[in-house]
**Q** 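The structure's right below; bear with me while I get my questions together.
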Amino acid sequence: MHANTMELTPLLAVVLFLPPPLAVAHMAWTAASRRRGMRCYLLDYVCYKPADDLTLTTELACAIVQRNERLGIPEFRFLVRLISRTGLGDRTYAPRNLLDGREELAAQRDSVDEMDACFDGAVPELLARTGLRARDVDVLVVNVKGFFPEPCLASRVVRRYGMREDVAAYNLSGMGCSGTLVAVDVARNAMRARSPRPVVALVVSTESLAPHWYAGKERTMMLAQCLFRCGGAAVLLSSDPAHRGRAKMELRRLVRSTTAASDDAYSCIMQREDDDGLRGVSISKALPNAALRAFAANLQRLLPRVLPAMEIARLAADLAWQNLLQRRRHRGQTKLKINLKAGVDHICLHAGGVAVIDAVKKSFGLEERDVEPSRMTLHRWGNTSASSVWYVLSYIEAKGRLRRGDKVLMVTFGSGFKCNSCVWEVAGDMADKGAWADCIDAYPPESKPSPFLEKFAWINDEAADKSSSPF
């Protein structure tokens, strides 16, 4: 009997061997504990601000373009036009080797130094702000798109800050710009697996640019080097109910979607080699449509959980009416006008590029104020890959727009093609200016011509394609 009892699950053992009132009470207590343990609180986050001497000014960017001897006049003119249309300002940041003129000679040390600078610029400050120690962290998730040394970066973080031997460390790579919400999901699932024990999780999202600068001339591979810049973020999560009173936000929903089964979606962002054997990231014109399709697939699962009943009823009635008209008039595809703001108060849209921001704004009828944080993040920091949505959130916070009870929709897009989204609810005071402290009052800036076009006005002269190089 004893052996059989040992094989029973704990829940079954409770039911069989405790008096019914006690068994019911125990199960209710366990269920309540698990629900409490499944909560995911955002204690705080820190966006990494690189050192001032890593600033990529207009002059430095122009110098980097000019030293690419593979570019002829047509390619040079195309590249400068591309840079001028990206929406980036002249205060973004680049890795040290690029500024030193070693973009094609990056060593392992350059990549490691870039990662260490990001870790040291975010993790210690985050721990200091929350009053926790590195040894208090139970789960660590590090995500970076294009750098995977051995030992992995997660192990490097454990060693660098002296974390416990039993910390559950996860290292994610190749997840693209949507990786940060994948990392949050991994952390949340790790919390659930340990429920009802309270868990503290550290998520670090960054990108490695040092070894990945494209110095070729293929046009589909030039956009990445115009968009991506240095950045990163550290986020501290907790499932401990005792931390609720000090948390900034609480995670309400998280939905992940991928459209990788589609050839166009799978290949719209792809790392590959060009005809000269130079490696880079190719970005096709199919990207905006791929992003919208992935977003639509994601919203099919997210919206029923976040929109109020009246808005869902309106969408259902609109869909039924359009289907009826289609049958009568043989009209084309159904187009629903989804009001995202009916269920959320703020939108943190991945600052991946002007085209994607514009496509989402147009398709979902958003106001300019809704996408302003993403545009300004793109202008100030560039596309910092997975960490960009944290800079967007920090912009909204620095502007003083977040109030207790507000719902914040965070949307990330990434190669694959993936769209991940989540909804946070503001639980506490959010008034930190963070990485925006020295410039938030200057945003949004007044419209002015691109500094690149001012410096290279000749690129608008079609005859320049047939002239000699100006440099």
**Q** Is Asp100 atom CG crowded by more than 12 heavy atoms from other residues, nucleotides or ligands, each under 6.0 Å away?
**A**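 Yes, because the 6.0 Å sphere around CG of Asp100 holds more than 12 heavy atoms from other groups.
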
**Q** Grab the two heavy atoms, one from Asn420 and one from Asn298, that are nearest each other, plus how far apart they are.
**A**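 For Asn420 versus Asn298, the nearest heavy atoms are CA-ND2, 3.9 Å.
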
**Q** Is there a donor-acceptor contact under 3.5 Å from the side chain of Asn383 to the main chain of Ser385?
**A**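 Side chain of Asn383 to backbone of Ser385, a donor-acceptor pair under 3.5 Å: yes, one is there.
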
**Q** So which pairs with a foot in residues 99-147 pass ring pair (Phe, Tyr, Trp, His ring centres under 6.0 Å), sequence neighbours left out?
**A**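 For residues 99-147: none.
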
**Q** Counting heavy atoms not belonging to Arg279, are there more than 12 under 6.0 Å from its CZ?
**A**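 Atom CZ in Arg279 is not packed in, count stays at 12 or less.
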
**Q** With rounding to the nearest 0.5 Å, note down the distance linking CG in Asn68 to CG in Leu79.
**A**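 If we round to the nearest 0.5 Å, Asn68:CG and Leu79:CG are 8.0 Å apart.
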
**Q** Distance-only, no hydrogens or angles: does the Thr57 side chain make a donor-acceptor pair with backbone N or O of Asp90 under 3.5 Å?
**A**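 No, Thr57 side chain to Asp90 backbone: no donor-acceptor pair under 3.5 Å.
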
**Q** In terms of ring plane angle, is the pair Trp436 and Tyr443 parallel, tilted or perpendicular, where the classes change at 30° and 60°?
**A**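 Geometry flag for Tyr443 against Trp436: perpendicular rings.
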
**Q** Is it the case that over 12 heavy atoms from other parts of the model lie below 6.0 angstrom from the CG atom of Asp438?
**A**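 Count over threshold, so yes.
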
**Q** Output all residues satisfying salt bridge (charged side-chain N to carboxylate O under 4.0 Å, His left out) with Lys418, sequence neighbours left out; order by chain, then residue number.
**A**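 With neighbours one apart ignored, the set is empty.
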
**Q** List the residues meeting side chain to side chain donor-acceptor pair (under 3.5 Å) with Lys217, not counting sequence neighbours, and say none if there are none.
**A**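 Expected list: none.
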
**Q** Do Arg229's NZ or CZ and the ring of Tyr93 fall within the cation-pi criteria of under 6.0 Å and 45°?
**A**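 No - Arg229 does not lie over the ring of Tyr93 by the 6.0 Å and 45° rule.
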
**Q** Extract all donor-acceptor atom pairs below 3.5 Å that involve side chains of residues 184-191 and protein atoms in other chains or at least two apart in sequence.
**A**
residue, atom, partner, partner atom, Å
Asp185, OD1, Arg188, NH2, 3.0
Asp185, OD2, Arg256, NH1, 3.0
Asn189, ND2, Asp185, O, 3.3

**Q** Could I get the full list of side chain to side chain contact (heavy atoms under 4.5 Å, CB included) partners for His212, not counting sequence neighbours?
**A**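 So His212 forms a side chain to side chain contact (heavy atoms under 4.5 Å, CB included) with Ser208, Gln271.
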
**Q** Considering residues at least two apart in sequence or located in another chain, which fulfil the side chain to side chain donor-acceptor pair (under 3.5 Å) criterion with Asp370?
**A**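 Residues passing side chain to side chain donor-acceptor pair (under 3.5 Å) with Asp370: Lys341.
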
**Q** Looking at Arg102 and Asp110, is any side-chain nitrogen of the basic one under 4.0 Å from a carboxylate oxygen of the acidic one?
**A**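 Looking at Asp110 and Arg102, the cut-off is met.
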
**Q** Taking the side chain from Asp44 and the backbone from Thr130, do they hold a donor-acceptor pair closer than 3.5 Å?
**A**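 The answer is no, because no donor-acceptor pair under 3.5 Å joins these two groups.
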
**Q** Output all residues satisfying side chain to side chain donor-acceptor pair (under 3.5 Å) with Asp166, sequence neighbours left out; order by chain, then residue number.
**A**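 Side chain to side chain donor-acceptor pair (under 3.5 Å) list for Asp166, sorted by chain: Arg164.
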
**Q** Taking only residues two or more places apart in sequence, or in another chain, which ones meet Glu114 in a salt bridge (charged side-chain N to carboxylate O under 4.0 Å, His left out)?
**A**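 Glu114 satisfies salt bridge (charged side-chain N to carboxylate O under 4.0 Å, His left out) with no other residue.
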
**Q** Using the ring pair (Phe, Tyr, Trp, His ring centres under 6.0 Å) rule, collect all pairs that involve residues 183-209, keeping only residues at least two apart or in two chains.
**A**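 For residues 183-209, and leaving out neighbouring residues, there are no ring pair (Phe, Tyr, Trp, His ring centres under 6.0 Å) pairs at all.
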
**Q** Restricting to side chain to side chain contact (heavy atoms under 4.5 Å, CB included), what partner residues turn up for Tyr266, sequence neighbours left out?
**A**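 Testing Tyr266 for side chain to side chain contact (heavy atoms under 4.5 Å, CB included), a comparison that skips the adjacent residues, returns Ala260, Met270.
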
**Q** Listed by chain and number, what are the side chain to side chain donor-acceptor pair (under 3.5 Å) partners of Arg159, not counting sequence neighbours?
**A**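 Counting only residues at least two positions away or on another chain, Arg159 forms no side chain to side chain donor-acceptor pair (under 3.5 Å).
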
**Q** Looking only at side-chain N and O atoms, does Ser388 offer a donor or acceptor that is under 3.5 Å from a partner on His350?
**A**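 His350 vs Ser388: donor-acceptor pair found between side chains.
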
**Q** Tell me the salt bridge (charged side-chain N to carboxylate O under 4.0 Å, His left out) pairs involving residues 372-391, sequence neighbours left out?
**A**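 The answer is Asp358-Arg375, Glu368-Arg375, Glu372-Arg401.
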
